[in-house]
Structure formats: C-alpha cells, structure tokens
Asks: 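What follows is a single structure, and I will ask about it in a moment.
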Amino acid sequence: MNRVSCRNMLTIFCLFLIWGVGGICVSWGGTFYLEPDTIYITTGAGVEFELDLLVDSEIQNLKGYEAYIGYNKFVLDTIEVLEGPLTYYSNSYFDVFLVGESTQLLVESVILGGGASVDGPGKLADITLISLDSGGVVDMNLEIIARDSANELMTVNTAGAVAVINAPPAHFDLVTPPHQENLYLDYGENMSFFWDMTYSFYPDDLVRYELTYSADPDFPPGNTTVEETFNNYFSVPVSTLDTGRYYWKVKAINTYGHSIWSDETFHFQLNTYSYPDGFNLIYPAQDEDLLVPITDDLELIWSSSGTEVQGDYIRYNLYYSQSPDFPPEATDTVRALSDTVHTLTAADLSTAYYYWKVEAYNTLGYHTWCSELTRGFDLTIAANPGIFSLLSPIDGVYYNMNSGEGVQLAWSQSVSVIPDDTLTFTIYFGTDDNLPANSVKDTFVVDQLEITLPDDFIPRREIYYWAVKATNRIGYDTMSANVNSLMTYYRGDADGSGAFNILDVTHIINYLYKGGPEPIPSLSADPNCSESINILDVTYIINCLYKSGPAPCWD
C-alpha cells in the first residue's frame, strides 16, 4: 500500500469539528474483531487474501473509531481497504493510513452529523492483503480507539488474526536415547529412537518424520542414514550399526513440504557384545587430592571389562598425562595390562594435576574406552621439608641470664611442598654436636620459628650444643643446616653456685690475688660489664649486696 502515513490539514480540521473536545467519561462497548481469525497460505509469496473488520451486537451507538492493525511489513502488505456496509450507508468519513513506519494499518471512520451513530453487528471494512514472503505464523494484532455519539471513549474488546504462511510443524524435542547416553546392546536387539509428537498449523494436515543419524556430527551424505516414518519412533537393528558414538536428529515435514528440525541434536555411545564390555575408572576419584610420599607408590584402579565371545580375553592400555588432550609426546602409556590395577612409583611422578584413561581391547581387535573417557586427580609428591638454618644465638655465644627472660632461640623458615602443611620443630640439646643422636633433652614447637627456654632448662657454665629438626605432617623431616653451641651464665655469680652473694666476692679475690680458679666463664666475674676482671668488680658486688647499688649488668 502506497498511502502516506500522515494526515493532511483538512482531515485533521474535519475530525476536530466532528469529534469536538470530547469528554473523559468512558462507555462500555462490545468487541471489534478480524475475520477469519486464521488465514492459511501454503504457496508462499504473492497470495492475496481478504480480512474483514467487524463488530458484534454489543457495539451500540458507535460514533467513530480508529483501528490499528499491526503486522510484519516484510511478510505482509495491504492491497486495498474498502469501507464496510455498517458505516458506508451512513453519512461518514472513512480513510486508511500506514503508520508506525509502515508496521501498522490505520483504518478510521467517523459518522458525520450531531448525535449520528451506528449499532453492531456489522462490517466496518474489507481489507485485501498480500503475502510477501514465507513468515511462518504471523500475528496481526488489533488495537481500537472508539467513541460513542456523546463523544465518550468506549471500552471495547479486540480479537486479531493469524496468518499461517508456509509454516513448518511446531517445535519438538528428542527423547531417547538421551543426550550422552552410554548404551550396551546385543547384536540381536533393536536400537529404538523416540521423539515428541509434533503437529501442523494447517487443518487436517499430516506430519511425517525423517530420522537422521550418523557417526559424524556433520552428517555427511556418504556416512548418514535417513529413515522416514509417520510415527514418533523408529527402530534400527543393532547388527547394522558399528560400536561408537552416534549423532541423531529428526525433521518434521507437513503435507505442503514445509519442515523443521528437532530443537537439538543428541549423541550417544553404542557398545555391542562384540566389543569389550563397558567399565569404569575407580581410583583415584575425579578431582581427588592425593598426597603421596616420594618413597611410596600410587595405584590406579579401574573395574574389569568383559567379553561374551567364546575364548576371548581382555587386555588394557593405560594412559596418563598432565594434559587433557593426551599429546603423544607428553603422555605415558602402559600397554597390554592383564590386571585392573597398575602401580606407579611416586619418585617418577611430579607434583601436578594428572589426567588418566584406560582402553580395553579383546583378541578380535575391538576396543572400548572407560565410561568417563578421562579422569583427573591433583597429585602432591610429599618430600622432606626444605633446608633451614639456626639464626640466634650465634654459635659459641656466652648467654647472659641476668635479664630473667630465659634463653631465646630462633631459626629460619623451612618450606614444605605439602599444601596446608603443619611443621613441627623439635629442638635437641647435648654436650657434643652429634645431634640428635647424643641428645640429652629436647622440646618442640608447632609452626613457630622461635622458642624461649626457662632459666633452668640448660645447666649453667656448661657448653651445650643445640640443633632443630623440622617434621611435616606425614613424618618426613629435615635437620637444620648447622649445629650451634652456647653457655649460659649470670654476671656476678663468679663461683657458679647459682646464687649472688659474698662468696662470689671471695671467688674473685682468690682468683685475682691468691691464684684461685678462673671464673667460668670469665664474664660471670665482670658484673659491671667493664670487659675486665679487677677490684672494681668486687666493689660493685659489695655495693649491690650491702649498699643498694645497681644489680649486675646484662649487656
């Protein structure tokens, strides 16, 4: 239709006079509708058809209306619109426009003259349309603005129409075999396909089906089978099929040759008794986290396959790789296994995520993969904790205990390759450096890099050696890279009695002036931290003991 989609000034002026200002009251009316409600076209573009705009008997006192008929402008076009007899024989204004960028046909009419109106039922317009293209099921929506003789808006019902143009049958789904099903069938059985029954949009129409299946997802002509049926199922002898994966889909076709494919394509795995029976991977489980000591082994376990052939037997090929694609250059293969358990040496593996699969084959040369095709596990090879060192106190130190804070030992971090590991640090003490073999006492901390020992933990004035062992949660351990020694003492306790008193004064005087034994260590007789032993140290102790002088220094 080539009518412009706007109204001229004369039309607008006339409508203003006819409609007037109008009220805001709304009156109740009946139904505006298109007839027939469904148009069937089977030959595509170029088909003309009639559509009537009607009102029912409940439409009374109709002064005027605007009817908007929406449709797909690329599928339908308007040939002609004629005024219907209900308003034609009245003194009326009637016109037609294309609006909404030619997506709606506007049909409007006004009964001229004050108080003039018409009553339903009757025909308002004869509309001739033409199909431009195959559109399937095309909706033609109807919207109405109507007023009565009092110029009040009418509340009306509407009913549009549908054009069925070269429409294929309705959408439908495949049912069985389900997507990704693993099937085991005897050669004497039938392979049955089922799908949902669909229907045609055309009355009294029949739908036939084409079942299409192939071992190739692209369905090449030379490797694809097509079977026709009027049922929603079809059976194929298993003896005509090879084992392996199959893809299948179904086409529904109506009498007019219009067709639609099923909404999806399914695939399934077919196994017959001429092939080894299906089997499963058992251990490790999918995505299982494994912690294996480097001195241990890892077992891969799968269930047994079987065969129905007399005298036949099964062998297995095991594949494992750090790539899910199993590239030959990065895949380890163990062939001709008769058992369903294979042991791998942990020392030959790495800490990594591994993929594995198993292939069963029989003496006839038929192969069957494990049901999961592939499985993965996260492997951690557990080894000894990393090397670490003693930090403080440094080797050979004389440790002043005058602070009263005990003996503070510290070492560097030891790294574990085990995720979320817990390290236990055992501290060994002995009178020689052969530790832990000659340890005389020990203590431990967990996930700490230092410890504070009580004042009396180590005997004073004796050289003690110490070392630390880091042990992970599976019992693997590493000794510190060094063994340090220390001697604890108190400044002012020159005689090593453990007490600070006048006897320490006597011990220093005997050492200085009477050839007495040397204090051990010499720092114990240097309470004033002067770096030498002399009479001032004697005076310092006497002042501390009897004259409220300062206590011995502690560095």
Side-chain angles (χ1 to χ4, degrees), residues 389-411 426-445 450-469 479-555:
S389 302
L390 307 182
L391 298 180
S392 66
I394 61 174
D395 188 31
V397 73
Y398 293 111
Y399 201 96
N400 185 357
M401 304 292 290
N402 289 76
S403 67
E405 296 178 357
V407 179
Q408 297 178 353
L409 308 179
W411 51 92
T426 304
I427 305 94
Y428 297 96
F429 301 88
T431 56
D432 60 53
D433 61 1
N434 187 15
L435 298 176
N438 293 341
S439 172
V440 296
K441 63 190 319 182
D442 59 73
T443 186
F444 71 93
V445 292
E450 60 184 12
I451 188 173
T452 299
L453 304 175
D455 287 2
D456 58 353
F457 190 87
I458 301 174
R460 286 183 300 279
R461 302 178 67 203
E462 295 183 31
I463 296 176
Y464 262 75
Y465 296 84
W466 66 285
V468 177
K469 180 174 71 177
M479 287 299 298
S480 55
N482 53 327
V483 177
N484 285 354
S485 65
L486 59 82
M487 177 186 289
T488 61
Y489 72 97
Y490 284 97
R491 283 188 183 270
D493 182 19
D495 62 356
S497 66
F500 183 53
N501 51 41
I502 193 62
L503 296 179
D504 296 304
V505 172
T506 303
H507 191 89
I508 295 173
I509 292 173
N510 288 337
Y511 166 67
L512 290 175
Y513 304 110
K514 299 181 180 182
E518 181 180 0
I520 302 175
S522 60
L523 295 175
S524 64
D526 183 23
N528 62 357
C529 294
S530 66
E531 304 298 330
S532 63
I533 303 174
N534 50 45
I535 195 62
L536 295 178
D537 295 304
V538 172
T539 304
Y540 193 96
I541 294 174
I542 292 173
N543 287 337
C544 174
L545 290 174
Y546 304 111
K547 299 181 180 182
S548 300
C553 65
W554 51 281
D555 302 336

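No hydrogens, no waters, no symmetry mates; every other heavy atom, side chains included, goes into these values.
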Asks: Hey, are the side chains of Y465 and T431 touching, using non-hydrogen atoms and a 4.5 Å cut-off?
Replies: no
Asks: For the backbone of A494 and the side chain of D504, can you confirm whether one donor and one acceptor N or O come within less than 3.5 Å of each other?
Replies: yes
Asks: How far apart are the closest heavy atoms of F500 and C544, and which atoms are they?
Replies: CE2-SG, 3.4 Å
Asks: I need the minimum non-hydrogen distance between N484 and P393, along with the two atoms involved.
Replies: ND2-O, 3.3 Å
Asks: Less than 4.5 Å apart, any side-chain heavy atom of M487 and any of I458?
Replies: no
Asks: For I427 and I451: C-alpha separation, side-chain torsions, deciding distance, then whether side-chain contact (heavy atoms from CB on, under 4.5 Å) applies.
Replies: CA-CA 9 Å; I427 305 94; I451 188 173; 4.1 Å; yes
Asks: Out of P519, S522, P517, which residue meets the side chain to side chain contact (heavy atoms under 4.5 Å, CB included) rule with Y511?
Replies: P519
Asks: Check whether any side-chain N or O of S439 sits under 3.5 Å from a backbone N or O of K441 as a donor-acceptor pair, and report yes or no.
Replies: yes
Asks: On the six-membered ring of Y428, is K469 placed so that its NZ or CZ lies under 6.0 angstrom from the centre and within 45° of the ring axis?
Replies: no
Asks: Please assess R491 against N528 for the test side-chain contact (heavy atoms from CB on, under 4.5 Å), listing each intermediate value before the final yes or no.
Replies: CA-CA 8 Å; R491 283 188 183 270; N528 62 357; over 6 Å; no
Asks: To the nearest 0.5 angstrom, please state how far the SG atom of C529 sits from the CD atom of E531.
Replies: 7.0 Å
Asks: What pair of heavy atoms forms the shortest contact from A551 to Y540, and how long is it?
Replies: O-OH, 2.8 Å
Asks: Could you walk me through whether D526 and S530 pass side-chain hydrogen bond (donor to acceptor under 3.5 Å, both in side chains), step by step?
Replies: CA-CA 7 Å; D526 183 23; S530 66; 3.1 Å; yes
Asks: Taking CG in L503 as the centre, count heavy atoms belonging to other residues, nucleotides or ligands within less than 6.0 Å. Is the count above 12?
Replies: yes
Asks: Is the shortest side-chain heavy-atom distance between S480 and W411 below 4.5 Å?
Replies: no
Asks: OH of Y464 to CG of D432: how many Å apart, nearest 0.5 Å?
Replies: 10.5 Å
Asks: Got a second to check how far L536's CG is from I533's CD1, nearest 0.5 Å?
Replies: 12.5 Å
Asks: What's the spacing between E518 CD and S524 OG if we round to 0.5 Å?
Replies: 9.0 Å
Asks: Side-chain contact test, heavy atoms from C-beta onward, threshold under 4.5 Å: evaluate it for Y398 versus N400 and give yes or no.
Replies: no
Asks: List the atom of T488, the atom of L486, and the distance in Å for their closest heavy-atom pair.
Replies: CG2-CD1, 3.9 Å
Asks: So which atom in L435 and which in M479 form the shortest heavy-atom distance, rounded to 0.1 Å?
Replies: O-CE, 4.3 Å
Asks: Hey, is CD on E450 packed in by over 12 heavy atoms from elsewhere, all under 6.0 Å?
Replies: no
Asks: If you round to the nearest 0.5 Å, how far is CG of D493 from CE of M401?
Replies: 11.5 Å
Asks: What closest approach, in Å, do I541 and I508 show between heavy atoms, and which atom pair accounts for it?
Replies: CD1-CD1, 3.6 Å
Asks: Establish, from distance only, whether the side-chain atoms of N510 and T506 form a donor-acceptor pair under 3.5 Å.
Replies: no
Asks: Check whether any side-chain heavy atom of F429 sits under 4.5 Å from a side-chain heavy atom of L409, and report yes or no.
Replies: yes
Asks: To the nearest 0.5 Å, how far apart are CG in N482 and CG in L391?
Replies: 8.0 Å
Asks: Determine yes or no for a side-chain-to-main-chain donor-acceptor pair under 3.5 angstrom, with Y489 supplying the side chain and G496 the backbone.
Replies: no
Asks: Does the side chain of L453 come within less than 4.5 Å of T443's, by heavy atoms?
Replies: yes
Asks: Could you tell me whether the side chain of T539 and the main chain of I535 form a donor-acceptor pair under 3.5 Å?
Replies: yes
Asks: Looking at N438 and G430, would you say the former's side chain and the latter's main chain have a donor-acceptor pair under 3.5 Å?
Replies: no
